[in-house]
Each structure stands twice: as C-alpha cells, then as structure tokens.
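The structure under discussion is supplied below as structure tokens; questions concerning it will follow.
Protein chains get the first letters and strands the later ones, always in sequence-line order, with residue 1 at the start of each.
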2 protein chains.
Amino acid sequence: MTSRGKRFGAPHDGASRPTADKSERGIPEATVARLPVYLRALVTLSDRGIATCSSEELATAAGVNSAKLRKDLSYLGSYGTRGVGYDVEYLRYQIAREIGVTQDWPVVIVGIGNLGHALANYSGFSSRGFRIAALLDADPGRQGEVVGDLPILAFDRIEELVAEHGVAIGVIATPAPAAQAVCDRLVAAGITSILNFAPTVLAVPEGVDVRKVDLSIELQILAYHEQRKAGLLDRIDPGLPDTTPAMPGKTTTAKAVG
Amino acid sequence: MTSRGKRFGAPHDGASRPTADKSERGIPEATVARLPVYLRALVTLSDRGIATCSSEELATAAGVNSAKLRKDLSYLGSYGTRGVGYDVEYLRYQIAREIGVTQDWPVVIVGIGNLGHALANYSGFSSRGFRIAALLDADPGRQGEVVGDLPILAFDRIEELVAEHGVAIGVIATPAPAAQAVCDRLVAAGITSILNFAPTVLAVPEGVDVRKVDLSIELQILAYHEQRKAGLLDRIDPGLPDTTPAMPGKTTTAKAVG
DNA sequence: AGGAGTTTGTGAACGTGGGAACAAACCGAG
DNA sequence: CTCGGTTTGTTCCCACGTTCACAAACTCCT
Ligand SMILES: NC(=O)c1ccc[n+]([C@@H]2O[C@H](COP(=O)([O-])OP(=O)(O)OC[C@H]3O[C@@H](n4cnc5c(N)ncnc54)[C@H](O)[C@@H]3O)[C@@H](O)[C@H]2O)c1
Ligand SMILES: NC(=O)c1ccc[n+]([C@@H]2O[C@H](COP(=O)([O-])OP(=O)(O)OC[C@H]3O[C@@H](n4cnc5c(N)ncnc54)[C@H](O)[C@@H]3O)[C@@H](O)[C@H]2O)c1
C-alpha cells in the first residue's frame, strides 16, 4: 500500500544485533496500521472513566481478535499485567509515544478546493497529534481567503514554510493532473511524508512515504463484492457478447467467425 | 481491513469444484484492491490513444511490479497475447466487467456536512461507475438545500429510496457518535455495502461489507514512519521519564524508587 | 519453414500475517 | 505460604501475498 523504499532492511537478520531492544526493531506494517485504532479505543475507554481493561475488551472495542491485539501490543513491549489486564492511561501513552503523536506534527495542505476546504475545517486533525501549519493553493483567486482560522497562501511559499515550521507531512488535494508536479515540489522542499487524495500513482524518491486515500477505489472494491453477492443469488448469464469488445489478435488456430 | 463475514469460505478446499472456471472462483482480496488501479492506468493509456501495452508498461503506470500485475491478471483469465502484450480496450473492458463497473451503481450519501458537501460536488463519482442517488441528512435545517444537482432529503426516507432505486451502497459521512445508528438503519433498509468516513469501528451483520476511510489513521501511520526516519538520524535518548505515566501495579519484586 | 527475439502465464520458493493454544505471571482468598 | 482463578506474552502452525524464474506461445525476419 505504501510505496516506500525498503528501509527496514532484512526482516530475517536473525539475532544480528544483540543490543536491539524490542521497541527499537521493526514493528510489522500491519500492526502499525492497527495501533491508531487501539489508541482511539483507549481514548474512548479513558473518556468513560475506565481505568483498566483486558485484551478481550479492548479487542472488541477495536474490532479485532484478542490474540491479534495481544500480539500487536507485544511488539511494543510488556505493558500489561497478567491476571489483570492493561492500565488504560499507561497503555494509551505508550502507544501514542510509539506512533509519535505525543507531540504535534505540523501539516501542510495543498489544493484548497472542495476537499481541501473540508479538510481545513476538520477539527479531528488537531484533536489527535496534528496541526495544520498552512493551506496552499496555486490559484491566486483563492489566496487570501481564510478557512478555519488560516489564510490560503501561494503554493510558491512552500519551501519557506517547510524550513520555518519544520513541516514533514504534506497533504495533496489538487486535481490529479497537478498531483505529481505538486508532489515533486513538496519533496524538493523537504517534505518526506505525503498523504495523497488525488487519484494518481505518485512517484517519489527513496525515503519518502506516500499513502493514498482513494474514494473511487474503495467504492469499486465494494462494487466487486456487491456484484459477487448478487451473482450468487441471481446467476446472471455470463457473457453479453454484444457489448463485449472482441479479443483482438486472438487468431486461435485461425478460426474466424465467418 | 474489511470487516466482512467470511463469505468466500474455505480457501484450501483444493479441487472441490471441477466445473469452476477461473473467473468465477475467488479472486484474492489483495488483487481485488489493485484491479481499480490497473483500470485507471488503462483508461489513461486509452485516452492517450495507446492501443497495446506490455505488462511492464502497465505495471509501471500502476506503480507495481510486473510479475505481480501478470499474476493478478491471470486470476481474471488469459487476456494477453504472448510476445505482444495486452490490448488496452479489451483488457479495460474485462477488468471493468470483473469489478462490476460496466453499469452504474447507485449510491446514497448520509451526512451532508463539510465532507458530505465535498463528496456531493465531486465529479469523480459519476465518471467511473457510480451515481449519487440521494443525499440524506437528519438535520432539518439542511434538508432542501441543493448540492450538485441533488436536494438534501430527510434521513427517514432511506427505506423508500433503497427500495425504489435498488441502492446497495451507502456512504456514511456523519459525526462518529451517530455512525453506528446510521449504519444499523442503512443495513435494516437493505444496504449491503458501506463506505465509512466516521472514525469509528462499525459492527455489521454477516453479509454486509464495510470499508473505512480514516484520515487520522493514515496520518498517524505516516507520523510513525516519520518519527522512525528522524530517530535513525538524531538518536534521541529514549525515555523522557517526566511525562511518562508510571506503570501502575508493576511491583517488580517490590523494588520501589525510594 | 525455421529460428531469434519478446512477452505472457504460472509453478515454486520465500516472506509476512493471523489465530489457536499454552506456559508464565499475577491476584486474592484462606 | 499455597492454591485456584484469571489474563498476558509467546510459540507454533497454517494461509496468504510477493517475487523469481522459466516454459509456452506469439511475431517478425530471413
Ligand atoms: N471532492 C471530493 O469529495 C473528492 C473525493 C475523492 C477524491 N477527490 C480528489 O481530491 C482532489 C481535489 O478534489 P476537489 O474536489 O477538492 O477539487 P477542486 O477542483 O475543487 O480543488 C482543487 C484545488 O487545487 C488547486 N490547484 C490546482 N492545481 C494546483 C497546483 N498545481 N498547486 C496547488 N494547487 C493547485 C485548485 O486551485 C483548486 O483550489 C482531486 O484530485 C479529486 O479527484 C475529491
Ligand atoms: N471534514 C473532513 O475533512 C473529514 C475528514 C476525515 C473524516 N471526517 C469525518 O467525516 C465525518 C463528517 O465530517 P464533517 O466534517 O462533514 O462533519 P459535519 O459536522 O460538518 O457534518 C456532519 C453531518 O451529518 C449530519 N448528521 C448528524 N447526525 C446524523 C444522523 N444521525 N443521520 C444523518 N445525518 C446526521 C449533520 O446534520 C451534518 O450535516 C465525521 O465523522 C468526521 O470525523 C471528516
């Protein structure tokens, strides 16, 4: 999913580094993707005043298997107490620290159109470890407009902003044709993590992380399964030969139709 | 990622069904998630007037390994020509058919706030196999407003709309606390595929697919890797004991600090 | 026709992820 | 202190996903 350079090196380097303690070495990607879910569940429990929880309870809240939860947490360290469970506040802090959201990360958003406006107005950003540092757009007509306390600035100022605020994370919400150019400029300015909303594959150099959020892909995946569910009931005859493009050069032993 | 009931049954049922032709039986989930990417790449090639492409070219355009691409396509059937490559139009149609986007899917969007407005205005929906059938919101103050050609309707009308238009896919863009209730109502109305933008784990009955799009999880994953990149250079000393909550009952052989 | 060059489709090896099951560790009662 | 009950951390095993590598199949040139 993440088109990242293979930075974590050999996973099978077996006992090469005796001094490596557990929390320093390679947490599996699948686990990393679930830690935020656990963190959110813990926050919810904490807000309800619950001080302790078992792996079973937390797993249910996070929508996963309890065995998986325990294994995931074991990559961070031994933060539970056998026979008791996990201290909610303590575990919450440990996960937040591991993810890196104990302090705020500044984020720039590029492309303040439909989607960019929604993102800029979104309060869920700042509530968990992220702070919008700047809103950028190439369209002079949009520049100066204030969205959610911040003015829209010219995209040209990206280098200055990255240098000044130490921004490492950029969000791309421009139209697809502009995304690669914007991405290149962000990388050149020093951005090393990109969240891409534009429906394009972005090429980035080694060391830069890209994650994509792609609405139409998600819908298409749902459509595939939906079609499958329907097909299991209806059994539509496969092959509507009218609208089907012919297989081009497929001269299977030269047996044409005529 | 998808909290779906195990519908594809035993994957290791080895040769149980001799009559099952290739395109009918279980395409791997990882492959399904990539098919839309291939489809988009093919559309781009097609728009450029390119009639034929090799697996290498298509793989590059899609940002994947060519071996992976070929294996993925092999689950659909043998649609290429050895020594030549793939016919762009033909492959495009085959993938679209497999995903199920040769005809349009009606979609309802629930919660027309910041994000819902952006979605309703988004043209990328209709351009690829989806059509917004209705916009719903529980707030009477919003009802009647027209967004992107469609009026916002009362959420109560969901059953009627599902029955009338045969809607199978719902998008949830309400605040998190309302999401589960909305989800339950959608499922009761007959919706069997849900795309959830609210930061909550949704519980659904067997046979209903849920996919989530979670901005803050994506950012946290980026933050984790970002922290790691920084840590490999800086080597910040691990353990800021001041802000660290104490491990609660951890009386490791009763050796207290004092 | 035959051979050189290309490119697909797939078998096999390898790595990653998920889940059951269990020993180790902890608590509280007596 | 010991014992029974509880819950974690970990091990083992299997399924899934990725990549390599190569035979099969096709085109084009001679
Ligand atoms: N709107 C949605 O709900 C939605 C959903 C999914 C995906 N997307 C994707 O998100 C992206 C943005 O969608 P949108 O609806 O907000 O589009 P939009 O046209 O409303 O906004 C795009 C903004 O990007 C700016 N822009 C264009 N080129 C730029 C450049 N080179 N540098 C900086 N800014 C530039 C434009 O001035 C504009 O303000 C698109 O790629 C779209 O496909 C949107
Ligand atoms: N805005 C963003 O950029 C963004 C980004 C990521 C995630 N999200 C998530 O998407 C969701 C929507 O975000 P938003 O910013 O649009 O919020 P919003 O408050 O602007 O809009 C929510 C809308 O849902 C409606 N609603 C509330 N309860 C409802 C119910 N029971 N039934 C039907 N409609 C109901 C409200 O009337 C409102 O119009 C939230 O869960 C948010 O966390 C938003």
Side-chain angles (χ1 to χ4, degrees), chain A residues 1-4 6 8-14 22-23 26-35 52-60 62-87 90-91 94 247-254, chain B residues 1-4 6 8-14 22-23 26-35 52-60 62-87 90-91 94 247-254:
Chain A
M1 209 137 285
T2 310
S3 67
R4 191 169 12 83
K6 39 204 69 168
F8 299 152
H12 49 57
D13 57 349
K22 192 179 289 180
S23 69
I27 295 179
E29 198 56 34
T31 297
V32 171
R34 283 187 294 267
L35 290 180
T52 294
C53 69
S54 69
S55 66
E56 200 71 51
E57 294 166 314
L58 186 52
T60 305
V64 300
N65 185 308
S66 71
K68 199 191 296 192
L69 171 75
R70 288 201 299 278
K71 179 175 278 195
D72 283 342
L73 294 184
S74 79
Y75 291 115
L76 311 189
S78 259
Y79 295 138
T81 308
R82 298 176 185 211
V84 178
Y86 300 93
D87 181 87
Y90 184 66
L91 183 57
Q94 292 299 339
M247 180 77 188
K250 213 66 167 184
T251 53
T252 314
T253 63
Chain B
M1 206 138 286
T2 309
S3 66
R4 191 172 10 89
K6 40 203 70 170
F8 300 152
H12 49 57
D13 56 350
K22 192 178 289 179
S23 69
I27 295 180
E29 198 56 33
T31 297
V32 171
R34 282 188 294 265
L35 289 180
T52 294
C53 69
S54 69
S55 67
E56 199 70 50
E57 293 166 315
L58 185 53
T60 305
V64 300
N65 186 308
S66 73
K68 199 190 295 192
L69 170 75
R70 286 201 301 277
K71 173 147 280 192
D72 283 342
L73 294 185
S74 78
Y75 291 115
L76 311 189
S78 259
Y79 295 137
T81 308
R82 298 176 186 214
V84 179
Y86 300 93
D87 181 86
Y90 184 66
L91 184 57
Q94 292 299 337
M247 180 78 189
K250 212 66 168 185
T251 54
T252 313
T253 63

For this session: Using heavy atoms to find the nearest nucleotide of DNA chain D for A67(A) and A30(B) separately, return the residue whose nucleotide is more 5′.
Result: A67(A)
Exercise. Roughly how far, to the nearest 0.5 Å, is OH of Y86(B) from CZ of R70(B)?
Worked result: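 Atom-to-atom, R70(B):CZ and Y86(B):OH are 7.0 Å apart.
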For this session: Write down the distance between CD (E57(A)) and P (dT7(D)), rounded to a whole number of angstrom.
Result: 8 Å
Seminar exercise, completed: d(L73(A) CG, R34(A) CZ) to nearest 0.5 Å is 10.5 Å
For this session: Map S54(B) and T31(A) onto DNA chain C by nearest heavy atom, then report which one ends up closer to the 5' terminus.
Result: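 By nearest-heavy-atom nucleotide position, the 5'-most residue is S54(B).
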Exercise. Is the shortest side-chain N/O distance from R82(A) to OP1 or OP2 of dT10(D) below 4.0 Å?
Worked result: no
Problem set entry | Length of the CG-P vector between L58(B) and dT6(C), whole Å |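 Answer to the nearest Å: 20 Å.
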Exercise. Under 4.0 Å between a side-chain N/O of Y86(A) and OP1 or OP2 of dG9(D), yes or no?
Worked result: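 For dG9(D), OP1/OP2 do have a side-chain N/O of Y86(A) under 4.0 Å.
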For this session: May I have the distance from E56(B) (atom CD) to dG5(C) (atom P), rounded to whole angstrom?
Result: 19 Å
For this session: Any chance you could lay out the side chain to side chain contact (heavy atoms under 4.5 Å, CB included) test for L58(A) and L91(A), step after step, and finish with the verdict?
Result: CA-CA 11 Å; L58(A) 186 52; L91(A) 183 57; 3.9 Å; yes
Exercise. Any side-chain N or O of R70(A) under 4.0 Å from OP1/OP2 of dA20(C)?
Worked result: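 For dA20(C), OP1/OP2 do not have a side-chain N/O of R70(A) under 4.0 Å.
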Exercise. Using a cut-off of less than 4.0 Å, is there contact between a side-chain N or O of T81(B) and OP1 or OP2 of dT8(C)?
Worked result: no
Exercise. Using a cut-off of less than 4.0 Å, is there contact between a side-chain N or O of N65(B) and OP1 or OP2 of dG17(D)?
Worked result: no
Exercise. To the nearest Å, how far apart are D72(A) CG and dT10(D) C1'?
Worked result: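 Going from CG in D72(A) over to C1' in dT10(D) covers 13 Å.
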Exercise. Starting at CG of L69(A) and ending at P of dA20(C), how long is that distance when rounded to a whole Å?
Worked result: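 Those two atoms, CG and P, are 14 Å apart.
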For this session: Starting at OH of Y90(B), measure out to OG1 of T81(B) and round the result to the nearest 0.5 Å.
Result: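 One gets 9.0 Å once the value is rounded to the nearest 0.5 Å.
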Exercise. When the distance from CG of L76(B) to P of dG9(C) is rounded to whole Å, what number comes out?
Worked result: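 Taking atom P of dG9(C) as the reference, CG of L76(B) is at 10 Å.
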Exercise. Is the shortest heavy-atom distance from the side chain of D72(A) to the side chain of V64(A) under 4.5 Å?
Worked result: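 Of all side-chain heavy-atom pairs linking V64(A) with D72(A), none is under 4.5 Å.
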Seminar exercise, completed: Rounded to whole Å, CD of E29(A) lies from C1' of dC16(D) at a distance of 17 Å
Exercise. Can you find an N or O donor on one side and an acceptor on the other, under 3.5 Å apart, linking the side chain of K71(B) with the base of dT19(D)?
Worked result: yes
For this session: Grab the NZ-P distance between K68(A) and dA21(C) for me, whole Å please.
Result: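 Checked: the NZ to P distance equals 17 Å.
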Exercise. For dT8(D), does either OP1 or OP2 sit under 4.0 Å from a side-chain N or O belonging to S55(A)?
Worked result: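 So the side chain of S55(A) is within the cut-off, an N or O lying under 4.0 Å from OP1 or OP2 of dT8(D).
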